[in-house]
Amino acid sequence: MNGTVTFSRFWLSLWTSMVVAFVTTPLLFVVLVSLTPLNHISLPADGISLRWYARLAENGQLLVAARNSLLLAFGAAATALLVGTAAAVASVRWRFTLLQPLRLFAMSPLLVPMVMSGLAILVFSSATGWQNQILRTYLAHAALTLPYVFRTVTASLSGVDTNQELAARNLGASPLKSFFLITLPQLGPGLAAGGLFAFIVSFDNVGMSIFLTGAQFKTLPVELFAYASYSSDPMVAAASVAMLAVSILAIGAVERFAGLERLMRTS
Amino acid sequence: MSNRLTPYLLSAPTLLFIGGLFLLPVGLLVAGSFVTPDGPEAGRFTIALYRDFFSDPYNLRLVGRTVILSLITTALSLVLAFPVALHMRQMSPRARSVVALLILSPLLTSVVVRTLAWVILLGPRGVINNALIVLGLHPLALIYNDFGVVIGLTHVFFGYMALSLMTSLSRIDDNLLLAASNLGASRWVILREIIIPLSRPGILAGSTLVFTMSASTYATPALLGGTGSKVMATEIYDLAINYMDWRQAGSLALILFVTVSAIAFGATYLAERGRGKVIFG
Amino acid sequence: MNVASDVEKPCFTQGAVVPDQPPFSSGALGTRDPASDFLQISHLSKSFGAVPVIDNLSLTVQKGEFVSLLGPSGCGKTTTLRIIAGFVAPGSGEILLDGERIDQVPSHRRGAVMVFQNYALFPHMTVAENVGFGLRMQKLPKAEIQSRVDDVLRQVQLETFTSRYPRELSGGQQQRVALARAVVLKPKLLLLDEPLSNLDAKLRKELRTEFLKIHQLAGTTTVFVTHDLEEAFAVSDRVAVMNRGRIEQYDTPVSIFNRPASAFVAEFIGHSNVIAGLVEKGDGDDLVLRCGGAVLFRVRPDLTPGQSVRLAIPAHLIAIVPEPTQSDNCVSVLVEASSYLGSTVHYALNASGLRLHAEVPVGPNSGLLQRGDHAYACWRASDFIPLGADHA
C-alpha cells in the first residue's frame with residue numbers, strides 16, 4: 001500500500017509478458033527465417049546464411065519496387081506536409097464558414113475503407129483516360145497521408161501561444177514573416193512527427209496501392225505481397241526484414257522527435 | 001486575423017485536392033452502382049445490383065463472415081489488451097515506455113510484413129508445422145481458414161486497442177481508487193465498479209477502430225485466408241481486378257462501408273445509452 | 001528608563017540556548033482521561049527514499065474530539081493523514097484506533113474514512129450512488145441504504161440533488177457530497193484532507209461551519225488537515241502545529257495563540273517579532289532584558305534572572321505614537337513600509353537595526369505614516385510572550 005490501489009503484480013506481469021511475446025516474436029521469427037541456409041522456410045539450425053539477402057539484392061524487380069516506394073513516400077509526405085500544414089493553420093487560427101467542411105475533408109481519407117477509395121480512384125482514373133500509374137498512386141498516397149499531418153500539426157499548433165505572433169507583429173514584423181520566424185520553428189516536432197507518419201504510412205501501404213499500381217509502377221509492399229502469394233521461400237522473409245529495417249529507422253526517428261506513445265495519443 | 005481571405009486560401013488546396021481526387025471518385029463509384037450501365041434502361045436509377053447481392057446466400061455468408069471475424073478480432077484484442085493497460089498504470093515510467101514501444105511499434109511496420117510473419121509461422125510448411133513434422137506429429141491446418149485470419153487480424157490491429165486503452169486507463173485518477181478502497185471496496189469491486197466503467201470511452205474507441213479496420217482490410221485476409229476464408233475486401237478486389245466488374249465491386253464496397261459504419265455507430269450508441277442507470281435500483 | 005535610544009547591535013539572535021519546555025497543556029477538555037484516548041499514534045516515522053517526512057511523531061486524540069494538523073506545505077501533515085487512512089505504509093511506529101492496532105490493516109477495513117482534497121467523487125455515479133457506495137460495500141439492504149443516504153443528504157442540504165452527477169455540481173456542493181459520503185458510514189474516525197482549499201474564501205467560511213455542525217451532531221472523532229491558521233483555530237478542539245515532520249505544539253487554539261511553544265509556532269501564528277536576550281534584575285523589582293550589551297526592555301516579572309530567553313511581542317500589541325509614552329517599553333523607530341489593510345495598517349519598522357512589525361487599527365483621527373517617518377513603538381512588559389525551544 002503506497003499511494004495507490006494495485007493489482008496482482010505477478011499475474012499481470014505474466015499476462016503482459018505473454019502479450020508482448022505474441023506481438024513481437026512473430027517478427028523475430030521472420031528475422032530468423034531470413035537467415036536460414038536451406039531452400040525452404042526453416043530456422044537456421046545449422047548456421048546462418050545471408051544467401052537470401054544476396055538473392056534479394058539480385059532481384060531487380062524488388063529493388064526497383066523498393067526505390068519506387070522510397071521516392072513515393074518522400075513525395076507523398078512532402079505534399080501532405082505542405083497541403084496539410086496550410087489546412088492545419090487555417091483550422092486552428094481562424095473561425096470561418098468552411099471550418100467544419102475543412103476538418104471533415106482533411107480527415108475523410110481515414111474514414112473511407114482503402115479498398116473503396118483505391119477502387120474509386122482506379123475507376124476514376126480509367127474513366128477519365130488519365131491512367132498514369134505513378135501519378136495516380138502518388139496522388140492517392142498524398143491524400144491518404146494528409147490526415148496524419150493535419151492531426152499532428154493541429155495538435156502542435158494548438159500549443160503555440162498566439163500572443164507571440166501578435167507581439168512580433170507589434171514589433172514590426174509582417175504577418176507572414178511573423179508566422180515563418182516565430183510560429184513555424186515551434187511547430188518543428190509536429191511537422192517532423194507528421195512527416196514521419198506520412199512517410200511510414202505511404203511506404204507501408206498495400207490496401208490502396210494494390211488497385212493503383214501495375215506493370216509500369218510497382219511498390220515494394222505490393223510486390224512483396226504478390227511474390228508471397230505464389231511462392232513461399234525464405235526470400236520473403238529477407239525482404240520483410242529489409243522493410244522492417246526501414247520502419248525501425250523511421251520509428252527511431254519518431255521516438256526521438258516526439259516520443260512514440262505521446263505522439264500516437266494525438267489520435 | 002490579418003486577412004479575411006487567408007483561411008480560405010489556406011484551405012483551398014486541401015478542399016480541392018481531397019474533394020476532387022478523393023471524395024469525388026468515391027462518390028462517382030457509389031453513384032455508378034445505382035445506375036443501369038447499358039441496355040434500354042441505361043442511365044436510370046436502379047437498385048438491381050443490391051437486390052441481386054442480398055438475394056444470393058453466398059453473399060450473405062460473405063458479409064456474415066466479414067462481420068463475425070472482425071467481431072472476434074475485436075473481442076480478442078480487448079481481452080488481450082485490457083490487463084496490459086491495467087498493468088501499465090502500475091509500472092515505473094521506464095518500464096511503461098519500454099512496453100509501450102514494444103507494443104506500438106509494430107503499428108508502424110507494413111501490414112504485409114506482419115501478415116507474412118504469420119504465413120511463415122502458420123503455413124503448411126511453416127515454422128510450426130515443420131516442428132510438428134520433425135516431432136513426428138500431424139501437421140495442423142492453421143492457415144487459409146478463419147483461424148489464421150483471426151490470428152493475423154488480431155496481431156495486426158492489436159496495437160490500436162492497446163493504445164486506446166492505455167490512454168483511457170491512465171486518465172483515471174488514483175484518488176478515485178483510493179476513495180473506493182477507503183469506503184470498503186475490495187480490488188475486484190474497484191475493477192468492476194470504478195475502473196471498467198471509467199475506461200468505457202477507451203474501450204469504445206478502441207473497439208470501433210479495430211472493428212472497422214479489420215473488416216475493411218485486404219492484405220491480411222488475402223494472404224492468410226486463401227480460398228478457405230474469404231471476406232468482403234478480398235471479394236471486392238477479386239471482382240475489380242480479376243473480373244473487371246467495377247460496378248459490382250463498387251456496390252460491395254458501399255455495402256461494406258455502410259454495414260461496418262452501422263455496426264460501429266450502433267454499438268457506440270447503445271453503449272452510451274446505458275449510462276445513468278441506477279446501480280442499486 | 002523609558003527610552004532606549006542606542007542599540008548597539010540587533011538583538012534578534014538565533015540559536016539561543018533554552019532548556020526544553022514541555023508543550024503547554026491547559027487541560028482544554030477538562031481533565032484528560034487516558035482511558036478515552038481513541039486514536040493513538042506512537043512514534044510514527046516515514047521517509048520517502050532518503051527524505052524523512054515524518055519524524056517520531058506521537059499524538060493522541062480523544063473520542064469525539066475535533067483535532068487539526070496545521071502547518072506549512074511539506075510539514076508532513078497530509079502524509080500523516082494518509083498513513084492513518086491506510087494509503088501509505090508507515091516506516092515505523094504504531095497506530096491504535098479504539099484500542100486496536102490498525103497500521104497493518106488494509107484501508108478498506110480500518111474504519112478511518114477520508115474526505116479528499118479534490119473530493120474524489122466517482123464521476124460515473126450519481127450523487128446518491130456516490131454517497132451510498134460505502135454502505136453498499138457493507139452489503140446493507142437497499143431500503144436502508146436509500147433512507148440513510150436521504151438522511152445525510154438532508155443534513156448537508158442536498159436532498160434534491162440525488163440524481164445529479166458530480167460534474168453538474170459546484171465546488172461547494174461537491175465538497176458536501178464528499179463529506180456526506182464519508183459521514184453516512186458513521187465511521188470511527190473521520191479524516192479531512194484540506195477539504196476546503198479548493199474553494200473561495202466565502203465558501204470556506206460557510207463550509208467549515210457545516211463541518212462543525214456535522215461534528216456536533218454525530219460526535220465523530222475527526223482529524224482535519226489544513227495550512228490555514230484561521231480555519232484550524234475556528235473549528236478545532238485542539239490543534240497540532242507541525243513543522244518538518246514533527247509536532248511543535250499540540251494544544252487548544254487559545255493556548256497556542258497566547259503561549260506559543262517555539263519561535264516557529266510564534267512565527268506561524270503571526271507573532272513575528274522575536275527578541276532574544278538575557279534576563280537580569282533591573283532597578284528595584286523590575287526585570288529587564290539585556291541584549292547585545294545594552295539593556296533594552298522591561299520584561300515580565302515571572303521570568304527567571306540569569307536565563308537566556310526568546311520573547312515574542314505580538315504585532316497588534318505594539319502602539320505607534322509620535323512621542324514616547326509612560327509605557328514600559330518605547331523605542332524610536334523609522335518607518336520602512338506601510339500597508340493599508342482596510343481596518344488596520346501594517347508597519348514595517350526599523351529600531352536601529354532591530355526590525356519590528358506592528359499592526360495598528362485605523363481610526364478616523366489616526367493618520368497613516370509613510371516610509372521615512374519617525375515615530376515611537378511602545379508596549380507593556382507583560383505583553384511579551386516567552387517562547388520554548390525550536391526543534392531544528
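What you see below is based on every heavy atom in this structure, not just the backbone, and it leaves out hydrogens, waters and symmetry mates. In what follows, chains are A, B, ... by sequence order, proteins preceding strands, each numbered from 1.
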Got a second to check how far [X]'s [atom1] is from [Y]'s [atom2], nearest 0.5 Å?
{"X": "F116(C)", "Y": "L178(B)", "atom1": "CZ", "atom2": "CG", "result": "5.0 Å"}
{"X": "M137(C)", "Y": "I190(B)", "atom1": "CE", "atom2": "CD1", "result": "9.0 Å"}
{"X": "L183(B)", "Y": "F133(C)", "atom1": "CG", "atom2": "CZ", "result": "6.5 Å"}
{"X": "F87(C)", "Y": "L177(B)", "atom1": "CZ", "atom2": "CG", "result": "10.5 Å"}

Toward chain B, the part of [X] with a non-hydrogen atom under 4.5 Å:
{"X": "L121(C)", "answer": "backbone"}
{"X": "A112(C)", "answer": "backbone"}
{"X": "R181(C)", "answer": "both"}
{"X": "F122(C)", "answer": "both"}

A side-chain contact here means heavy atoms from C-beta on lying under 4.5 Å apart; do R200(B) and H124(C) qualify?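 SC-SC contact between R200(B) and H124(C) ruled out.
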Is there a side-chain contact between D173(B) and P123(C) (heavy atoms, below 4.5 Å)?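 No, their side chains stay 4.5 Å or more apart.
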Do any pairs count as a ring pair (Phe, Tyr, Trp, His ring centres under 6.0 Å) and have a residue in residues 61-86 of chain B, sequence neighbours left out, and if so which ones?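 For residues 61-86 of chain B: none.
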Pairs meeting criterion ring pair (Phe, Tyr, Trp, His ring centres under 6.0 Å) with involvement of residues 191-218 of chain B, two or more places apart: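 Matches after skipping sequence neighbours: F225(A)-Y218(B), Y218(B)-Y237(B).
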Got more than 12 heavy atoms from elsewhere within 6.0 Å of CZ, F54(B)?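 Count over threshold, so yes.
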Do other residues, nucleotides or ligands put more than 12 heavy atoms under 6.0 Å from E168(C) CD?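 Yes, CD of E168(C) has more than 12 neighbouring heavy atoms, counting only those of other groups under 6.0 Å.
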